[in-house]
Amino acid sequence: MIREAREEELMEILELYLHLHEVDLPKDFGQLFFTWQQIISDPNHHLIVCEEEGKIVSSCVCVIIPNLTRNVRPYAFVENVVTHKDYRGKGYATACLEYAKKLAEKENCYKIMLLTGSKDPKTLAFYENAGYNSSDKTAFIQWLNK
């Protein structure tokens, strides 16, 4: 089942993020809960989850960003695409990305952007198969306070 996360699922989502690039759960619970409340209450911030047998096994975030160009059409940004290592290769992340695409279409977005730090050809092929390309734009990142 693909749906948006519920407020009480924070800890399960954080545990899933250990299969992304996190090595430990956050230590500052005050900041964690404050940030979670911001995310869960923001109508433009969609934390999409795939639930299988009562367990969240895959997820992505889709943020709808208001925009003054492109005839005042917003755009969407997808981030934190992750599937639990025991559930990979079963189409769960693809389903999350498809849900994000439908949200973006519903909001009249003119594009969806996604960045990945992966250089793994299988991961890159996965995103291409999901409809993304790496030829239209060039991404630059400046890391702050590393």
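Numbering of residues begins at 1 and proceeds along the displayed sequence. Below, each value reflects all heavy atoms present in this structure, side chains not excepted, and no hydrogens, waters or symmetry copies. Keep in mind it's a predicted model, so treat the numbers as computed, not measured.
- Between the D42 side chain and the Q38 main chain, no donor and acceptor come within less than 3.5 Å of each other.
- Rounding to the nearest 0.5 Å gives a distance of 11.0 Å between OH of Y132 and CG of L115.
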Requested in this report: May I have the step-by-step check of side-chain contact (heavy atoms from CB on, under 4.5 Å) for L103 and I48, ending in yes or no?
Outcome: CA-CA 10 Å; L103 276 172; I48 299 160; 3.9 Å; yes
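- Clustering ILVMFWY residues whenever any of their side-chain heavy atoms sit less than 4.5 angstrom apart, transitively, puts F126 in a cluster other than the one holding M113.
- A distance-only check finds a donor-acceptor pair linking the side chain of W36 to the backbone of E7 [under 3.5 Å].
- Closest heavy-atom contact between L18 and V23: CD2-C, 3.9 Å.
- A heavy-atom distance below 4.5 Å is not found between the side chains of V57 and V49.
- The two residues V78 and A100 come nearest to each other via the heavy atoms CG2-CB, 4.2 Å.
- Hydrophobic clustering (side-chain heavy atoms under 4.5 Å, transitive across Ile, Leu, Val, Met, Phe, Trp, Tyr) keeps L97 apart from Y99.
- Rounding to the nearest 0.5 Å gives a distance of 7.5 Å between CG of L20 and OH of Y17.
- Residue-environment remark: NZ (K111) exceeds the threshold of 12 foreign heavy atoms within 6.0 Å.
- When all heavy atoms of K101 and I112 are compared, the closest pair comes out as CA-CD1, 3.6 Å.
- Separation of atoms CD (E128) and OG (S135) is listed at 8.5 Å; rounding is to 0.5 Å.
- The side-chain heavy atoms of I13 and E15, taken from C-beta on, include no pair separated by under 4.5 Å.
- Of the N and O atoms on the side chains of T69 and N67, at least one donor lies less than 3.5 Å from an acceptor on the other residue.
- A 4.5 Å side-chain heavy-atom check between P74 and I65 finds every atom pair outside the cut-off.
- Y127 and I2 fall into different hydrophobic clusters, defined by Ile, Leu, Val, Met, Phe, Trp and Tyr side-chain heavy atoms under 4.5 Å apart, directly or through other members.
- The closest side-chain donor-acceptor pair between T35 and Q31 falls under 3.5 angstrom.
- No more than 12 heavy-atom neighbours from other residues, nucleotides or ligands sit within 6.0 angstrom of CG on L68.
- Distance NZ/K90 to SG/C50: 11.0 Å, rounded to 0.5 Å.
- The neighbour count for R73 CZ, taken as heavy atoms of other residues, nucleotides or ligands under 6.0 Å away, is above 12.
- More than 12 non-hydrogen atoms from other residues, nucleotides or ligands lie less than 6.0 angstrom from CZ of F33.
- Residues V72 and I64 are members of separate hydrophobic clusters, defined by side-chain heavy-atom contacts under 4.5 angstrom among Ile, Leu, Val, Met, Phe, Trp and Tyr.
- The line from NE2 of H19 to CG of D86 is 7.0 Å long, rounded to the nearest 0.5 Å.
- Rounding to the nearest 0.5 Å gives a distance of 9.5 Å between CG of L14 and CG of L16.
- Residues D120 and S118 form a side-chain contact, since some pair of their non-hydrogen atoms from C-beta on lies under 4.5 Å apart.
- Looking at E12, its side chain does come within 3.5 Å of a backbone N or O of I56 through a donor-acceptor pair.
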Query - salt bridge (charged side-chain N to carboxylate O under 4.0 Å, His left out) evaluation trace for E8 with R6 - result: CA-CA 6 Å; E8 66 272 11; R6 296 188 286 260; 3.4 Å; yes
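- Side-chain heavy atoms closer than 4.5 Å link hydrophobic residues (I, L, V, M, F, W, Y) into clusters, and following such links, possibly through other members, connects V63 to Y110.
- No donor-acceptor pair closer than 3.5 Å links the side chain of T83 to the backbone N or O of S58.
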**Report entry** Intermediate values then yes/no, side-chain contact (heavy atoms from CB on, under 4.5 Å), F34 and Q37
**Finding:** CA-CA 5 Å; F34 175 78; Q37 285 305 309; 5.9 Å; no
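- For A5 against I40, the heavy-atom pair with the smallest separation is O-CD1, 3.7 Å.
- For the pair L47 and V61, the tightest heavy-atom approach, listed with the atom from each and the gap, is CG-CG2, 4.1 Å.
- What you find for A76 and C109 is that their closest heavy atoms are N-SG, 3.9 Å.
- Using a 4.5 Å heavy-atom threshold, the side chains of H84 and Y92 count as separate.
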Query raised in the report: Under the salt bridge (charged side-chain N to carboxylate O under 4.0 Å, His left out) criterion, do K102 and E107 qualify, and how do the steps go?
Result: CA-CA 9 Å; K102 287 179 180 163; E107 294 297 326; over 6 Å; no
